[in-house]
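See below for the structure under consideration.
In this text, all values refer to a predicted model and were calculated from it rather than measured experimentally. Just follow the structure's listing: the first ligand is 1, and inside any ligand the first atom is 1. What you see below is based on every heavy atom in this structure, not just the backbone, and it leaves out hydrogens, waters and symmetry mates.
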Amino acid sequence: MDLIIKNGTVITGSQTFRADIGVEQGKIAVIAERLACEALSVVDAAGLYVLPGGVDVHTHLELPVGATVSADSYHAGTRAAVCGGVTTVFDYPTQQQGKGIVQTVAERRALAEAGACCDYAFHCAITDLGAGDALLKEFQAAADYGITSFKCYMVYRKAGLMVDDGVLLKILEKARDIGILTAVHAENHDVLESRIAGYSAEGKTSPWYHYMSRPEFVEAEAIKRAIHWAAAVKAPLYIVHLACKEGLEAIAAARSQGYPMYAETCPQYLEFTCDVYKQELGRNFVCSPSIKGPESREALWQGIRQGIIDTVATDHCPFMQAEKDWGIQDFTKIPNGCAGIENRYPYMLGAANTGRISFSKAVEVCAEKPAALFGCTDKGSISVGKDADIVLYDPQKDFEISVKNMHSDYDHTIWEGIRLKGYPLKTFLRGQLVFDQGNYVGVPGTGRYITRKKSCLI
Ligand code: URP
Ligand code: ZN
Ligand code: ZN
């Protein structure tokens with residue numbers, strides 16, 4: 001064997017058991033109660049939990065936004081990821097007018113290649129179908145290239161990202177035919193734009209009006225509309241960064257009628273409420289959808305426990321403090337997005353460690369289900385034949401999040417000062433140690449592109 005991890009407690013999405021794990025050529029080769037064979041390296045995991053590497057299916061690395069680019073490069077973002085126990089990230093290249101899907105993703109893949117510290121896959125945000133809807137003809141080639149999920153923005157018209165309902169419906173139908181999962185960023189664009197204009201005209205420009213412009217009902221309507229269109233054509237649908245109770249209820253209702261609808265939420269919606277926008281540094285929490293009220297926050301936790309929410313991802317899209325400061329006088333000038341790539345898995349495991357959810361549930365929503373839902377067949381699970389993406393987690397370690405102990409390139413975090421019970425101690429990527437007791441110890445560029453299969457679940 002290349003590596004044996006001994007004496008640990010293995011946690012999967014459905015089981016907890018004591019076992020030794022043998023790794024050969026980057027794969028989990030054997031799981032047994034006791035392994036007596038020789039290995040090049042033996043790690044004693046007594047007192048530790050042995051977990052699958054996390055799978056974060058929603059990041060925006062090096063994302064061009066207006067006059068800037070999100071603060072983490074592919075290198076920095078994936079370095080931070082492994083330091084938070086994450087071994088696979090999914091990024092969101094944006095297809096622009098006149099450009100193909102494969103070309104769009106291939107360009108981002110080339111950017112990621114040299115510095116990637118964990119494995120990576122891509123969705124693609126579709127913005128323009130082109131003359132005669134020509135882009136629809138490329139969907140099969142995209143799936144063959146490993147892009148088996150798309151995202152449609154129901155917002156951001158001024159930035160040229162939004163698709164209208166007619167286009168969304170065409171995408172849903174064609175994607176369904178090919179076995180591609182369509183994801184949506186659901187907010188009602190017209191309503192939020194008109195509310196922004198109204199508040200701005202009244203001089204109400206503090207970050208609180210970011211929330212007031214796009215409160216619960218603005219998100220809920222768009223989620224219901226997306227569900228309506230997907231149900232009408234029997235297409236699978238995935239709601240990204242779900243943040244409101246009413247939307248969650250709509251997803252639950254559609255699911256109970258047998259529709260293949262899936263939902264993702266993010267830690268910022270589980271930890272904070274809209275009151276953060278009243279803080280002095282409220283601008284740092286500006287992301288879309290906005291962070292909602294306490295009822296939604298509680299409902300999202302309940303949705304996780306009940307299995308209505310399938311995945312917890314980050315929507316990692318950090319900006320530097322100076323860029324967030326563009327909006328000190330005017331919330332509309334704050335670049336949207338927050339950091340989380342290094343915090344999500346420890347945060348959810350901390351929630352398990354303090355009894356809010358089970359450890360298996362944390363593993364399910366942070367690793368197993370995202371891998372299965374998005375066709376990463378080698379990832380997300382401690383089982384024989386899978387990639388040896390393994391996290392050793394110390395349930396006793398006390399950890400306080402600070403930008404000083406993160407491994408990204410950004411200079412502040414909304415998670416500053418949050419205390420966690422338990423923390424990852426080591427991360428292995430395909431059997432190689434890449435994070436060890438607070439330090440990145442891998443070799444940049446070892447992260448590989450994942451040619452995804454079709455979803456195992458839809
Ligand atoms: O505020 C956010 N979420 N920024 C990233 C882009 C998006 O909408 O997912
Ligand atoms: Zn979004
Ligand atoms: Zn996003």
Q. Which residue holds the protein heavy atom closest to atom 8 (O) of ligand 1, what is that atom called, and what is the gap in Å?
A. Tyr156 OH, 2.7 Å
Q | Stepwise salt bridge (charged side-chain N to carboxylate O under 4.0 Å, His left out) test for Arg344 and Glu271 | A | CA-CA 11 Å; Arg344 174 199 66 135; Glu271 176 64 18; over 6 Å; no
Q) To the nearest 10 degrees, how large is the angle at the Zn ion (ligand 3) between His60 NE2 and Asp315 OD1? A) 100°
Q: Step through it carefully: locate the ring centre of Tyr120, locate the ring centre of Tyr74, and say whether they are under 6.0 Å apart.
A: no
**Q.** Heavy-atom nearest neighbour of atom 3 (N) of ligand 1 within options Asn336, Val155, Asp315
**A.** Asp315
Q) By number and element, which atoms of ligand 1 are closer than 4.0 Å to a non-hydrogen atom of His241? A) 8 (O), 9 (O)
Q: Quick one: report the N, O or S atom of His185 that is nearest to the Zn ion (ligand 2).
A: ND1
Q.
Below 2.8 Å, can you find an N, O or S atom of His58 next to the Zn ion (ligand 3)?
A. yes
(Q) Within 45 degrees of the ring normal and closer than 6.0 Å to the centroid, is that where the cationic atom of Arg109 sits relative to Tyr449? (A) yes
(Q) Taking 4.0 Å as the limit for heavy-atom contacts, which would you say applies to Lys151 with ligand 1: side chain only, backbone only, both, or neither? (A) side chain
Q. Closest non-hydrogen protein atom to atom 6 (C) of ligand 1, residue and atom name please, with distance?
A. His60 NE2, 3.5 Å
Q: Take Phe285 and His210 through the test ring pair (Phe, Tyr, Trp, His ring centres under 6.0 Å) and record every step on the way to the result.
A: CA-CA 10 Å; Phe285 294 84; His210 173 69; over 10 Å; no
(Q) Can you report which non-hydrogen protein atom sits closest to atom 1 (O) of ligand 1, along with the distance? (A) Ser288 N, 2.8 Å
Q) Which atoms of ligand 1 have any heavy atom of His58 under 4.0 Å away? A) 9 (O)
Q. At a 4.0 Å threshold, what atoms of ligand 1 neighbour a non-hydrogen atom of Cys287?
A. 1 (O)
Q) Of the options His58, His185, Glu264, which is the one that meets His241 in a side chain to side chain donor-acceptor pair (under 3.5 Å)? A) His185
Q. Is a side-chain N or O of Asp411 found less than 3.5 angstrom from the main chain of Gln321, in a donor-acceptor match?
A. yes
Q. Does Cys317 bring an N, O or S atom to under 2.8 Å of the Zn ion (ligand 3)?
A. no
Q.
Applying the side chain to side chain donor-acceptor pair (under 3.5 Å) criterion to Arg430, which one of Asp387, Asp119, Thr446 satisfies it?
A. Asp119
Q | Result of checking Val184, Thr182, Val240 against Lys151 for side-chain contact (heavy atoms from CB on, under 4.5 Å) | A | Val240
